[in-house]
Amino acid sequence: MSPRRGISAEPLLAAPVLIMHRLLPSNLAPLPRVFFERPPLEVAPDLLGKLLLRRWRGAWLAGRIVEVEAYLGREDPAAHAWRGPTPRNRVLFGPAGHAYVYLIYGLHTCLNVSIQPAGNAGCVLFRALEPLAAGAAASPLRAMSGPGRLTRTLHIGRALNGCDLTRPGRLCLAADDWPCGLPARARRAGPEIRVSRRIGITRARALPARFFLPASPAVSGPRPL
DNA sequence: ATTACGATCATCT
DNA sequence: GATGATCGTAATC
C-alpha cells in the first residue's frame, strides 16, 4: 500500500486540541441578528476579533477571527450570488446571520455568514482564525490559517449550511470582553486592521474587501501595507 | 447529457 | 511561482 500523495480533506488532527469548554462560557454573548443586517464592507472588519464557536461532540471549540473577506452580492462579479439565486446559494438570499457552507475545488469547505436582510445576498468569508491560547491545549497556528483549514479543524461541513449563527446551537459567532488585556488606549482604538484585495478570485480583483489583523501570526497569504 | 471551472492546499522548483 | 488533486455546480449543447 503506497503512501497517500497530495492533500486530503481528512481532519488534520486525530483529536480536537483547541480550547474546549463543555458549556458556553458566560462571558460570551452571541452576536445579534442586527449585527449582520448591514453592508458587508461594514460587517467584515467588525467581525475581526470576534469568536467563532463550534459545538462538537459535547464540547465547544473556538477560534479568534483574524482574517475575513466581504462579498457584496448581486453587484459583485466575484460573489456566488452574482447571477442570482440557485440551489447552492439560496442561503445568501435569506435572512442575515446564517451559515453559507460550500465545497470548493472538490475537496475544501468554505464557511461564510450571510449578510444583510433577506433579498440582499452579501456575505463574509472566514479566512483565518487564531487559537485562543498557546501551549499543549491549543491547535497549531496553521490549523485554522486559511478558509479550507479552519473548516477542517473545526469539523465544519455542508451539513451546517443554513445554520443560524446568532443562536448557540452547533455553530455560532460571539463577542467576548476582548481586548480587555490591552492598555486603555489600545482598548479604545482597537487593534490595527489592514485591508487588501481578495485572494484567489479572477473577477473584481481590485476591490479592497479582505480585512485582517496584521498582529496575528495566523493570518493567511500576503500582508501588503 | 456533457463540460468547464472554481472564494484551496500541499508539494515541488 | 507552478502544478495536481478532486467533485459539485451551473452553463451549454
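Labels below follow one simple rule: chain letters A, B, ... track the order of the sequence lines, proteins then strands, and each chain is numbered from 1. What you see is a predicted model; the values in this text were computed from it and never measured.
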Just compare [options] and give me whichever is closest to any side-chain atom of [X].
X	options	value
His108(A)	dA5(C), dG6(B), dC9(B)	dC9(B)
Arg149(A)	dA10(B), dA11(C), dA5(C)	dA10(B)
Cys123(A)	dT9(C), dA10(B), dA7(B)	dA7(B)

Rounding to a whole Å, what distance do you find between [X]:[atom1] and [N]:[atom2]?
X	N	atom1	atom2	value
Asn112(A)	dT8(B)	CG	P	11 Å
Ile199(A)	dC9(B)	CD1	C1'	13 Å
Arg205(A)	dA7(B)	CZ	P	12 Å
Arg152(A)	dA10(B)	CZ	C1'	9 Å
Leu141(A)	dC9(B)	CG	P	15 Å
Met144(A)	dT8(B)	CE	C1'	18 Å
Phe126(A)	dT8(B)	CZ	P	16 Å
Asn89(A)	dG6(B)	CG	C1'	15 Å

Enumerate the residue pairs fulfilling salt bridge (charged side-chain N to carboxylate O under 4.0 Å, His left out) with a member in residues 106-132 of chain A, sequence neighbours excluded, ordered by first and then second residue.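 Only Glu67(A)-Arg127(A), Glu69(A)-Arg127(A) qualify under salt bridge (charged side-chain N to carboxylate O under 4.0 Å, His left out).
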
Using a 4.0 Å heavy-atom cut-off, does Arg158(A) contact any base of the nucleic acid, only the sugar-phosphate backbone, or nothing at all?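 Result for Arg158(A) = sugar-phosphate.
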
If you look at every strand shown and take non-hydrogen atoms under 4.0 Å, does Arg198(A) touch a base, only sugar-phosphate, or nothing?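 Nothing, no nucleic acid heavy atom in range.
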
Do [X] and [Y] make a side-chain contact, defined as non-hydrogen atoms from C-beta onward lying under 4.5 Å apart?
X	Y	value
Leu72(A)	Leu207(A)	yes
Trp82(A)	Glu75(A)	no
Ser216(A)	Val219(A)	yes

Polar side-chain atom of Arg197(A) near backbone of Ala209(A) as donor-acceptor pair, under 3.5 Å: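 Absent.
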
Any donor-acceptor pair under 3.5 Å from Asn161(A) side chain to Arg158(A) backbone: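 Here the side-chain-to-backbone pair does not exist.
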
Can you list, in residue-number order, the parts of residues 96-105 of chain A that come under 4.0 Å of DNA chain B, counting heavy atoms only?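 Only Tyr102(A), Ile104(A), Tyr105(A) qualify.
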
Below 4.0 angstrom from OP1 or OP2 of dA10(B), is there any side-chain N or O of Arg142(A)?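 Arg142(A) to dA10(B) OP1/OP2: no side-chain N or O under 4.0 Å.
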
Counting only side-chain nitrogens and oxygens, does Arg88(A) get under 4.0 Å of the OP1 or OP2 atom of dA10(C)?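 Answer yes for this pair, as a side-chain N or O of Arg88(A) is under 4.0 Å from OP1 or OP2.
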
Dot-bracket notation for DNA chain C is requested: 5' to 3', Watson-Crick or G-U wobble pairs only, both distances under 3.5 Å, with ( ), [ ], | and . as defined. |||||.||||||.

Evaluation steps, ring pair (Phe, Tyr, Trp, His ring centres under 6.0 Å), between Tyr71(A) and His80(A): CA-CA 8 Å; Tyr71(A) 287 85; His80(A) 284 182; 7.7 Å; no

Between Arg33(A) and Phe36(A), is NZ or CZ placed under 6.0 angstrom from the six-membered ring centre and within 45° of the ring axis?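 Here Arg33(A) fails the 6.0 Å and 45° test against Phe36(A).
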
Salt-bridge contact Arg38(A)-Asp46(A) (side-chain N to carboxylate O under 4.0 Å):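 Salt bridge between Arg38(A) and Asp46(A), a charged N being under 4.0 Å from a carboxylate O: yes.
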
Is a salt bridge present between Asp164(A) and Arg170(A), judged by a nitrogen-to-oxygen distance below 4.0 Å?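 Result for this pair is no, no salt bridge flagged.
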
